[in-house]
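So the structure is just underneath, and the comments pick up after that.
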Amino acid sequence: MARESTASETTITVTGRSEGPKRTTIETAETEFVVGDASPLEHLLGSLAACINVIGHLVAKERGMVVRGLDVRVEGDIDAARYKGGETDSRAGFGSIRAHVTVDADADADALADWMAEVEERCPVADNLDAGTDVHVEVERT
């Protein structure tokens, strides 16, 4: 089923260029970075940590909450057999992902819980990991 786009929808595009079997240069509209010093799986978990940080600061600012520090530890459980070509009934991706946020802020426990609930709801990386976003890959020969 095709989904309908909204007026505020935008397309974000990155281009990956192979620099070898374990190294990829990623070009974005603004910058480029290399995936290879850390694995793509670590980048995925790091993207969740970074998104929680960005959205966390955004929501805190909107609420007038002062955040002096924010650390995010993300852990993912994965059965590597699938992506390494082994025999397994497990899926190729993470079976579960957990994020633990430590924040130094001028807010009580209830305010922090409300803040974190809104951060989780608005974090596009968490949404993509949780919602089962459709992924379509096409290949063509050069």
Side-chain angles (χ1 to χ4, degrees), residues 1-140:
M1 172 185 261
R3 66 178 189 79
E4 293 185 29
S5 61
T6 65
S8 62
E9 186 172 286
T10 187
T11 299
I12 297 171
T13 302
V14 301
T15 302
R17 185 179 61 253
S18 175
E19 304 292 342
K22 293 188 177 183
R23 194 167 180 83
T24 308
T25 298
I26 307 296
E27 297 176 9
T28 75
E30 301 291 326
T31 189
E32 70 177 42
F33 60 94
V34 174
V35 175
D37 297 331
S39 76
L41 294 170
E42 290 165 323
H43 275 270
L44 178 69
L45 297 178
S47 291
L48 177 57
C51 191
I52 290 170
N53 176 61
V54 170
I55 302 301
H57 281 277
L58 177 67
V59 172
K61 183 178 180 181
E62 291 170 358
R63 291 174 175 230
M65 189 173 99
V66 175
V67 173
R68 293 176 290 275
L70 195 155
D71 293 326
V72 184
R73 185 182 73 246
V74 181
E75 302 170 332
D77 302 322
I78 191 166
D79 180 351
R82 170 71 64 177
Y83 72 79
K84 291 183 176 182
E87 297 273 333
T88 182
D89 291 332
S90 296
R91 50 188 287 236
F94 289 106
S96 67
I97 296 174
R98 297 167 303 284
H100 178 79
V101 178
T102 304
V103 63
D104 179 8
D106 68 345
D108 63 23
D110 288 340
L112 284 178
D114 289 344
W115 166 77
M116 188 78 269
E118 185 170 349
V119 171
E120 285 184 85
E121 180 183 313
R122 291 173 55 180
C123 175
V125 174
D127 178 73
N128 275 284
L129 291 170
D130 191 45
T133 301
D134 290 335
V135 176
H136 304 278
V137 180
E138 298 175 359
V139 63
E140 68 181 53

Pair listing, salt bridge (charged side-chain N to carboxylate O under 4.0 Å, His left out) test, anchored in residues 33-43, at least two apart
Arg23-Asp37
For residues Val74 and Ala49, report the shortest heavy-atom separation together with the two atoms involved.
CG2-CB, 3.9 Å
Just to verify, what does Glu62 make a side chain to side chain donor-acceptor pair (under 3.5 Å) with, not counting sequence neighbours?
Arg122
The complete set of salt bridge (charged side-chain N to carboxylate O under 4.0 Å, His left out) pairs with one or both residues in residues 13-22, sequence neighbours excluded, reads Arg17-Glu19, Arg17-Glu27
Which atom pairs, one a donor and one an acceptor, fall under 3.5 Å between side chains of residues 108-115 and the rest of the protein, sequence neighbours left out?
from	atom 1	to	atom 2	distance (Å)
Asp108	OD1	Asp110	N	3.2
Asp108	OD1	Ala111	N	2.8
Trp115	NE1	Gly56	O	3.0

Can you tell me how far the CD atom of Glu32 sits from the OG1 atom of Thr15, to the nearest 0.5 Å?
10.5 Å
Can you list, pair by pair, the side-chain donor-acceptor contacts under 3.5 Å of residues 124-132, counting residues two or more places apart and other chains?
from	atom 1	to	atom 2	distance (Å)
Asn128	OD1	Thr133	OG1	2.7
Asn128	ND2	Pro124	O	2.8

Could you list all the salt bridge (charged side-chain N to carboxylate O under 4.0 Å, His left out) pairs where at least one residue sits in residues 43-61, not counting sequence neighbours?
none
Scan residues 78-95 for pairs that pass salt bridge (charged side-chain N to carboxylate O under 4.0 Å, His left out), counting only residues two or more places apart or in two chains.
none
List in chain and number order the residues that pass side chain to side chain contact (heavy atoms under 4.5 Å, CB included) with Glu121, two or more places apart in sequence or in another chain; answer none if no residue qualifies.
none
Leu41: which residues meet the side chain to side chain contact (heavy atoms under 4.5 Å, CB included) condition with it, sequence neighbours left out?
Ser39, Ile78, Tyr83, Phe94
For Asp77, what residues pass the side chain to side chain contact (heavy atoms under 4.5 Å, CB included) criterion, not counting sequence neighbours?
Ser96, Arg98
Under the side chain to side chain contact (heavy atoms under 4.5 Å, CB included) test, which residues partner Asp106, sequence neighbours left out?
Met65, Val66, Arg68
Just to verify, what does His43 make a side chain to side chain donor-acceptor pair (under 3.5 Å) with, not counting sequence neighbours?
none
Look up atom CD1 in Ile52 and atom CD in Glu120, then write down how far apart they are to the nearest 0.5 Å.
7.0 Å
